Amino acid sequence: MFRRFATVARTSTLAAALALGVTALPASAATATAPATAPAQPASPARTTADHGPAHAVTEHLRGKARTAMKTGTATEPRVGVKRRAGDWAFGTAVLATAPGSPELPQGWLFVAHREDGAWKVALEGEPGFTGLASDAEPVLKTAERRALATTGAAGSTNPGATSPGATEGGMTAQLAGGDYRTGMALPFTVGQTWYMTSGPHGWSGSGTPWSSLDFAGGDQVVRAARGGTAYTMCKGWVRVVHDRGYATDYYHLVSNINVDGAAVAAGAYLGYTGNDVTCGGSSTGRHVHFALRQNGAYVGIAGHDFGRWRPENGGSAYAGSALHGSRRVAAGGQLYNYGALGFNQGIIDTNGSGTTLNKRSGPGTGYAVVGSVADGVGVTVSCSRNGTTHTGRFGSTALWNRLSDGTWVSDAYMWTGVNGPVSGYC
């Protein structure tokens, strides 16, 4: 069951910046350098830069991006890595690095650039032009990459009238999660290990919203991919994995991290060790991994999503908060056991503190016989759902009942699935 999450995070300056369109500068401004403290400028129609090469075009694009993507007064250094170039196409990483010790972490995006009429058109993840360029960039992107990157466009960028996952965007199929909070992700360390959640939900760069990030340390200190996907090294110490359904995860402060450019990685793949690396900027105290969630090319609130069968919840301030596994709550600073990923047709029993077990029934309601029980926190597989008697759980009241894989029934009021409705259709 997933219902009525309170909106805690406000739209941040960064989130607003990521919603901008493809921007570029006219040839006359190609050599101008705008200070990071310049006031934000209104979005302008897509334009192209003169042909000084893709690296130059992306650098100028980043200089404009710094005005809205970073806090006023934050010094930035554009770092562009052209990973692949073929004819009129280029692909790589675009990072606004900050100084080591800066309170602001670096910002980074994958980019696609295309030369048209002698000038380069540039788009970064999260910009409306990105998915279209990515889907056409066959000379520099593998088929699997184009499919994955086509889901990382700006939020709400599916075709008009398309409201369900699977909408076609830029010639590709976009499996956008929308209001579906299922991730299919484990925690970013070995399944079966217990690590400290040293910090609860907080922003990528601290207290600013959205609270997209968690900090972890402990165990064998090996950081692993939370879910399979396509991995990119943004810079030393920083790896991004692009997953399905519009999601991506970032891992920062790593040491001995992998150096990859579009490599396929499986769930649990080695990414690096926890550390304090700030090669691209920012600060770090105590070795850990700074783990962040992105969707549709932007950082998003991590609360309410599932990781290793835990659901982070915001606290009254950044870095506070907690995580829930069934009715068990662990506050920031406590230890989380990595149970592994929750399947998309599964749920976690959550009795909302009313008991250690939940009765299973022979049908969808309390008028049916009790035919067993299931413990709080146990993961179960749902075959289908049907309406029955109404009950009230952690997230509100519902008449929905779920038929489990063993043929028994439990109320959806006492199950967390990440979806407000059936996960396997109606019976």
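Because the structure is a prediction, the values reported are computed rather than measured. Both backbone and side-chain heavy atoms feed into the values below; hydrogens, waters and symmetry mates do not.
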Heavy-atom distance under 4.5 Å between the side chains of [X] and [Y], does that happen here?
{"X": "V382", "Y": "M415", "value": "yes"}
{"X": "F216", "Y": "V223", "value": "no"}
{"X": "R245", "Y": "D180", "value": "yes"}
{"X": "V410", "Y": "V380", "value": "no"}
{"X": "W195", "Y": "T274", "value": "yes"}
{"X": "Q107", "Y": "Y299", "value": "yes"}
{"X": "D250", "Y": "M234", "value": "no"}
{"X": "Y247", "Y": "R227", "value": "no"}

- Message: Before you tell me yes or no, could you show the steps for N257 and L271 under side-chain contact (heavy atoms from CB on, under 4.5 Å), namely the whole-Å CA-CA distance, both residues' side-chain angles and the distance that decides it to 0.1 Å?
- Response: CA-CA 5 Å; N257 61 278; L271 301 180; over 6 Å; no
- Task: For E145 and Y232, run side-chain hydrogen bond (donor to acceptor under 3.5 Å, both in side chains): C-alpha distance rounded to whole Å, both residues' side-chain angles, the deciding distance at 0.1 Å, then the answer.
- Result: CA-CA 11 Å; E145 286 181 292; Y232 302 89; 2.6 Å; yes
- Message: Does either side chain, that of H305 or that of Q295, offer a donor lying less than 3.5 Å from an acceptor on the other one?
- Response: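 No - no donor-acceptor pair under 3.5 Å links their side chains.
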Determine the interplanar angle of the [X] and [Y] rings, folded into 0 to 90°, and report it as parallel if under 30°, tilted if 30 to 60°, perpendicular if over 60°.
{"X": "Y319", "Y": "H202", "answer": "parallel"}
{"X": "H114", "Y": "W89", "answer": "parallel"}
{"X": "W310", "Y": "H325", "answer": "tilted"}

Would you tabulate the side-chain donor-acceptor contacts of residues 336-344 under 3.5 Å, counting partners in other chains and residues two or more places apart, or write 'none'?
from, atom 1, to, atom 2, distance (Å)
N338, OD1, L187, N, 3.3
N338, OD1, G340, N, 3.1
N338, ND2, L187, O, 3.3
N338, ND2, F189, O, 2.7

- E138 and R146: side-chain contact (heavy atoms from CB on, under 4.5 Å), yes or no, with the steps? CA-CA 8 Å; E138 185 174 359; R146 289 188 287 121; 4.1 Å; yes
If you round to the nearest 0.5 Å, how far is [atom2] of [Y] from [atom1] of [X]?
{"X": "L96", "Y": "W109", "atom1": "CG", "atom2": "CH2", "answer": "4.5 Å"}
{"X": "S327", "Y": "R394", "atom1": "OG", "atom2": "CZ", "answer": "5.0 Å"}
{"X": "T356", "Y": "D376", "atom1": "OG1", "atom2": "CG", "answer": "8.0 Å"}
{"X": "D88", "Y": "E116", "atom1": "CG", "atom2": "CD", "answer": "9.0 Å"}
{"X": "N402", "Y": "T381", "atom1": "CG", "atom2": "OG1", "answer": "11.5 Å"}
{"X": "T233", "Y": "D261", "atom1": "OG1", "atom2": "CG", "answer": "8.5 Å"}

Please name the pair of heavy atoms, one in [X] and one in [Y], separated by the smallest distance, quoted to 0.1 Å.
{"X": "N345", "Y": "R182", "value": "N-NH1, 4.5 Å"}
{"X": "A331", "Y": "S322", "value": "CA-CB, 3.9 Å"}
{"X": "A303", "Y": "N314", "value": "CB-OD1, 3.6 Å"}
{"X": "T59", "Y": "P78", "value": "CG2-CB, 4.0 Å"}
{"X": "Y251", "Y": "A225", "value": "OH-CA, 3.7 Å"}
{"X": "E125", "Y": "L110", "value": "OE1-N, 2.8 Å"}

Quick one: disulfide bond (SG atoms under 2.5 Å apart) pairs with a partner in [range], sequence neighbours left out?
{"range": "residues 337-366", "value": "none"}
{"range": "residues 251-308", "value": "C235-C280"}
{"range": "residues 347-424", "value": "C384-C427"}

- Task: I would like to know whether H243 and M185 meet side-chain contact (heavy atoms from CB on, under 4.5 Å); could you show each step before the answer?
- Result: CA-CA 10 Å; H243 309 286; M185 297 183 194; 3.6 Å; yes
Would you say [X]'s side chain and [Y]'s backbone share a donor-acceptor pair under 3.5 angstrom?
{"X": "S212", "Y": "L293", "result": "no"}
{"X": "T98", "Y": "E104", "result": "yes"}
{"X": "K83", "Y": "G262", "result": "no"}
{"X": "T183", "Y": "D306", "result": "yes"}
{"X": "W204", "Y": "P210", "result": "no"}

- Query: For S354 and N352, what are the C-alpha separation, side-chain angles and deciding distance, and is it a side-chain hydrogen bond (donor to acceptor under 3.5 Å, both in side chains)?
  - Reply: CA-CA 6 Å; S354 61; N352 196 22; over 6 Å; no
- Task: If a pair satisfies ring pair (Phe, Tyr, Trp, His ring centres under 6.0 Å) and one of its residues is in residues 261-282, list it, with sequence neighbours excluded.
- Result: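 Of all non-adjacent pairs touching residues 261-282, those that pass ring pair (Phe, Tyr, Trp, His ring centres under 6.0 Å) are Y270-Y273.
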- Task: Decide yes or no on side-chain contact (heavy atoms from CB on, under 4.5 Å) for V82 and F111, but give the supporting numbers first.
- Result: CA-CA 9 Å; V82 178; F111 77 83; 4.2 Å; yes
- Query: Which residue pairs satisfy the side-chain hydrogen bond (donor to acceptor under 3.5 Å, both in side chains) criterion with at least one member in residues 357-371, sequence neighbours excluded?
  - Reply: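 Matches after skipping sequence neighbours: K360-D406.
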- In a check of side chain to side chain contact (heavy atoms under 4.5 Å, CB included) between L133 and each of L141, V122, V112, which one passes?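 That would be V112.
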- Query: Would H290 and S284 count as a side-chain hydrogen bond (donor to acceptor under 3.5 Å, both in side chains) if you check the C-alpha gap in whole Å, the side-chain angles of each, and the deciding distance to 0.1 Å?
  - Reply: CA-CA 9 Å; H290 184 68; S284 175; over 6 Å; no
- Might you work through the side-chain hydrogen bond (donor to acceptor under 3.5 Å, both in side chains) test for T190 and R224, ending with a clear yes or no? CA-CA 7 Å; T190 301; R224 300 186 180 277; 2.8 Å; yes
